[in-house]
Amino acid sequence: MARPFDVTSVEAKWQARWLDEGTYEVDNDDVRERYYVLCMYPYPSGAAHQGHVRNYTMGDLVVRYQTMLGKAVLSPIGFDSFGLPAENAAIKAGSHPRLFTEARMQELSSSLRRLGAVYDWRREVFSHDPEYMRWSQTFFLALLKAGLAYRAEAPVNWCPGCLTVLANEQVLADGTCERSGDLVIRKDLEQWFFKITDYADELLDDLNGLDWPERVKTMQRNWIGRSEGVEFDLPLADDPSRALRIFTTRPDTGFGVTYAVIAPEHPLLAHLTTDEQRDQVHELVERAKSESELERTASSEAGPGLEKRGAFTGSFVLNPFTNEKVPVYVADYVLGSYGTGAIMAVPAEDERDYAFATVYELPIVRTIQPPADFEGGAYAGDGVHINSGFLDGLDVVAGKKKATEYLEREANGVATVNYRLRDWLVSRQRFWGCPIPIVYCEKDGIVPVPLDQLPVLAPDDVAMDESGQSPLATHDEFRHTTCPRCGEPAVRETDTMDTFTDSSWYFLRFADPFTPDKAFDPAQAAKWMPVDQYIGGVEHAILHLLYARFYLKALIDLGIASGLPREPFARLFTQGMLRIDGAKMSKSKGNQIAPEKYYETVGADGLRLFHLFAGPPADDVDWSEQTEEIIEGCGRFLDRLYRLSEYAEVNFHDAADESDLQVRRAVHRAVATVTGCFDRWMYNIAVAEVMSVFNTVSKQARSEHGIQRATLDEAIDLMLTLLAPMAPHVSAELWERRHPGATSLHHQNWPVADSALTVTDTLTMIVQINGKVRARIEVDPGLSEDEAQRLALADQSVIRALGDAPIKRVIAKPPRMVNIII
RNA sequence: GCCCGGAUGGCGGAAUCGGCAGACGCGGAGGCCUCAAAAGCCUUUACUCGAAAGGGUGUGUGGGUUCAAGUCCCACUCCGGGCACCA
């Protein structure tokens with residue numbers, strides 16, 4: 001495409017200038033109003049792809065716009081540089097993940113600069129920087145000291161593809177690994193955990209105050225899964241001194257309990273199982289053990305498979321409401337890890353229990369009166385209690401309250417809250433991560449590495465293979481050490497930390513990477529925190545965003561981040577993803593469209609404009625054949641702007657007239673519209689508005705009548721200013737050509753529309769007859785109802801359309817419309 | 001199954017409050033420029049009847065509220081996403 005200017009050199013010139021002049025460097029003691037813009041910590045996978053382009057274009061727009069609004073804007077960048085892809089690539093290539101990663105970091109940095117995205121590069125951080133690792137490890141030890149990090153043996157999710165354990169959050173609903181797609185298997189291993197569950201309530205409650213997409217907040221609420229209920233005892237029928245403890249959220253349905261169920265892992269199972277039932281129970285337990293989490297949870301539909309999924313234990317417990325004996329079953333639909341691992345079953349009001357009861361022919365007793373038209377099995381809705389003794393006649397809420405009081409009195413009941421959220425498993429059996437700074441000593445047990453010996457760094461000559469063992473464990477020199485406490489021989493922890501620990505505090509380091517001997521000075525960080533605008537993909541809705549929230553709260557409570565707000569990200573924007581042929585555009589699918597070729601044709605500005613223009617920023621974008629042409633169109637628009645700015649084919653007239661006034665009105669309305677769009681993430685409309693006003697200006701300037709020089713200059717200058725955050729290179733270049741020696745465009749103040757020009761002096765009023773538009777009349781915006789009606793009825797085309805039909809009614813809503821009903 | 005989104009021309013998408021549906025762009029058609037082409041510029045473009053003037057229809061489907069519905073209410077269809085034995 002032939003362009004009126006050399007895109008590549010213009011863009012290079014401005015990128016160099018922003019970098020060399022430190023245009024977007026900002027100091028912590030800046031006196032202007034502060035604004036912190038952050039795009040999610042990128043994994044350095046090489047040159048930026050279209051997803052990055054889209055993400056960082058929007059981030060950059062916010063940075064430049066907020067700066068022009070006169071704020072001190074913190075715009076940092078860094079790299080989430082630990083992680084599996086680098087390690088796997090290094091295994092393949094026989095090299096070291098550091099070399100691989102650092103090369104990718106260089107590529108990503110330079111392609112972000114090539115896009116025109118601007119940062120305070122002095123604040124750059126990356127996870128494998130020893131100085132960064134030092135603080136990651138310090139925080140681990142602080143959490144340990146506070147009891148928020150602990151080691152425990154637990155059934156964990158092992159991914160055979162990634163050769164490591166995963167956090168619950170990394171396992172998808174179908175039991176596969178979110179990264180590799182392999183089926184996750186269960187292993188019992190001793191691992192390190194962070195006690196995120198201590199913060200469950202706060203993590204839940206604080207969501208209410210966040211300006212985040214409702215969808216993301218809902219996902220977090222579901223993940224935390226708080227449920228209020230009561231724990232109480234079901235005494236064993238044979239031995240009432242012992243009891244089965246259960247948790248329920250529906251104590252009010254207690255009169256409808258017709259059996260109880262315990263999990264296959266339940267410690268009382270052996271005791272409860274009678275000799276006659278032993279074989280059957282044993283078979284079920286063995287199968288539950290061998291089955292993966294997927295197989296165990298996949299057959300969730302009630303029905304045929306169900307009869308294999310439970311067994312009678314042979315024992316009975318007493319229903320504390322009715323004192324009747326009810327049988328105890330073991331079934332894999334009850335989980336050992338939630339609540340007490342045992343439940344009371346109320347088939348009439350719980351679907352799962354209903355399905356089970358139907359298969360095993362257990363009695364079903366309604367305790368809530370369903371609506372007359374209710375068809376189906378279990379009724380979980382509200383209603384009046386029946387068959388429920390002292391609860392009869394109460395609704396669900398009142399019934400729960402009274403039943404809980406009863407259980408507290410009669411059955412060791414305790415009102416309890418349970419969470420779906422589990423503690424965060426942070427151990428990873430991989431090399432390319434931050435080592436856990438722990439030493440195991442026969443005498444002293446678990447010993448933290450002293451702070452002055454941090455960071456614990458992995459040696460470079462570690463053999464990485466696919467054995468599934470932690471690579472560091474094979475390195476004898478690293479592994480064998482001495483106990484920091486007693487000096488006797490000891491061994492190091494050889495697992496590394498989940499890389500989500502790295503991304504859980506990087507935003508704090510960005511706020512103050514300057515204070516020596518501290519990860520950050522809380523007083524300095526407090527100047528910027530919380531992040532005013534966080535931008536990233538919705539795929540991090542649970543994992544990263546939940547962990548980072550937990551980390552900040554914990555660091556504050558540990559005294560490391562005193563005085564900081566307890567939520568890291570005040571406002572979150574999640575942009576849509578790019579799709580191609582219906583599939584997500586991603587490196588793993590190999591269906592990416594590289595941005596580079598567009599830099600040569602339409603430039604970074606043209607590509608940025610496309611990503612802004614393509615559709616609502618929150619929506620997904622489909623990359624199609626048409627996309628190429630739209631990108632070309634964005635480039636063409638910039639070319640037209642360039643030519644107009646250079647007065648190509650423009651006719652001037654001397655004195656301003658009505659046509660100049662109309663142009664000025666359009667331009668000032670555009671200023672108001674674009675500003676409103678920027679404040680509401682409507683970038684596609686902002687681009688359209690600039691294009692639209694450009695058409696108006698250009699048409700007038702190219703007309704025979706022409707335009708006044710001052711009118712055109714004002715219009716072009718304002719259009720360039722509006723484009724400065726969107727297409728920063730061309731706009732800056734044209735500004736400089738128009739105003740040699742003046743302050744550059746990105747240092748200009750954001751324009752304010754002249755309100756005298758945005759208020760129009762005439763409006764088009766529509767006249768409808770029976771709701772159909774029959775005429776348009778130019779009117780004064782302040783006209784009265786009577787005037788509007790009079791004007792409407794006097795209009796020739798209205799008179800013609802009315803004919804001699806009698807007018808029944810006239811609705812006048814000046815100055816917008818008049819509707820005549822005949 | 002449950003919970004959220006969404007459905008508007010040939011296409012991507014506009015439409016603060018219920019008040020001109022289709023802004024802006026892509027594509028298409030026609031023209032100017034040119035020896036010719038590319039680029040650029042201009043005009044036009046929801047569908048439909050009509051030579052025109054002018055009319056009719058139209059925002060997934062079916063109802064409803066209203067002077068007036070893309071927008072509000074009810075039912076449904078399809079698409080996308082999230083959750084899915086958490087008691």
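Quantities reported herein were computed from a predicted structural model and do not represent experimental measurements.
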Worksheet item: Just by distance, do the side chain of A:R608 and the backbone of A:M726 share a donor-acceptor pair under 3.5 Å?
Response: yes
Worksheet entry | N/O donor-acceptor pair under 3.5 Å between A:D332 side chain and A:P264 backbone |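 No, A:D332 side chain to A:P264 backbone: no donor-acceptor pair under 3.5 Å.
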Worksheet item: How do A:D622 and A:G771 order along RNA chain B: which one's closest nucleotide is nearer the 5' end?
Response: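 Per heavy-atom nearest nucleotide, the more 5' residue is A:D622.
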Item to complete: For A:R809 and for A:R579, find the nucleotide of RNA chain B with the closest heavy atom, then tell me which residue's nucleotide is more 5'.
Response: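 Looking at RNA chain B, the more 5' nearest nucleotide goes with A:R809.
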Item to complete: Mind calculating the distance between NZ (A:K699) and P (B:rA23) to the nearest angstrom?
Response: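 It is 13 Å, rounded to the nearest whole Å.
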Determine the contact category for [X]: base if any of its heavy atoms lies under 4.0 Å from a base atom, sugar-phosphate if only primed atoms, P, OP1 or OP2 are that close, otherwise nothing.
X	value
A:N222	nothing
A:D353	nothing
A:R774	sugar-phosphate
A:M219	sugar-phosphate
A:M765	nothing
A:G633	sugar-phosphate
A:E214	nothing
A:K217	nothing
A:R640	sugar-phosphate
A:T218	nothing
A:N770	nothing
A:I821	sugar-phosphate
A:S337	nothing

Determine the Euclidean distance between corresponding [atom1] atoms of [M] and [N]; express it in Å to zero decimal places.
N	M	atom1	value
B:rG27	B:rG22	P	22 Å
B:rC76	B:rA53	C1'	44 Å
B:rG80	B:rU65	C1'	31 Å
B:rG18	B:rU44	C1'	33 Å
B:rC24	B:rG9	C1'	14 Å
B:rC33	B:rC42	P	15 Å
B:rC4	B:rG56	P	41 Å
B:rG58	B:rU48	P	15 Å

Worksheet item: Which of the following nucleotides, B:rC20, B:rG25, B:rU57, is nearest to the side chain of A:R776?
Response: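 The nucleotide sitting nearest to the side chain is B:rC20.
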Discussion item. I want to verify a distance call: between B:rG27, B:rC24, B:rC83, whose nearest atom is closest to the A:E629 side chain?
Written reply: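 Looking only at heavy atoms from C-beta outward on A:E629, the closest nucleotide is B:rG27.
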Discussion item. By the rule that syn is within 90° of 0, classify the base conformation of B:rC32 as syn or anti.
Written reply: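 The base of B:rC32 is oriented anti (glycosidic angle more than 90° from 0).
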Discussion item. With rounding to the nearest 0.5 angstrom, report the CD1 to OH distance, A:I343 to A:Y329.
Written reply: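 Between A:I343 CD1 and A:Y329 OH, I get 13.0 Å after rounding to 0.5 Å.
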Fill in: Check ion pair A:K400-A:D252 (N to O, under 4.0 angstrom)
no
Item to complete: Inspect the contact between A:R221 and A:E214 and indicate whether a charged nitrogen and a carboxylate oxygen are less than 4.0 angstrom apart.
Response: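 Yes, charged N to carboxylate O under 4.0 Å.
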Worksheet item: Given the side-chain rings of A:Y259 and A:F356, with only the six-membered ring counted for Trp, is the space between their centroids under 6.0 Å?
Response: yes
Show which side-chain atoms of residues 811-822 of chain A pair as donor or acceptor with protein atoms under 3.5 Å away, not counting sequence neighbours.
residue, atom, partner, partner atom, Å
A:N819, OD1, A:G771, N, 3.0

Look for any protein N or O under 3.5 Å of an N or O in nucleotides 6-12 of chain B and output each such pair with its distance, or none.
residue, atom, partner, partner atom, Å
B:rC11, O2', A:Q626, NE2, 2.8
B:rC11, O2, A:Q626, OE1, 2.6
B:rG12, O2', A:A614, O, 3.0

Item to complete: Show your reasoning for whether side-chain hydrogen bond (donor to acceptor under 3.5 Å, both in side chains) applies to A:S337 and A:R422.
Response: CA-CA 9 Å; A:S337 55; A:R422 304 294 149 83; 3.1 Å; yes
Worksheet item: With a 4.5 Å limit on heavy-atom distance, are the side chains of A:I807 and A:L793 in contact?
Response: yes
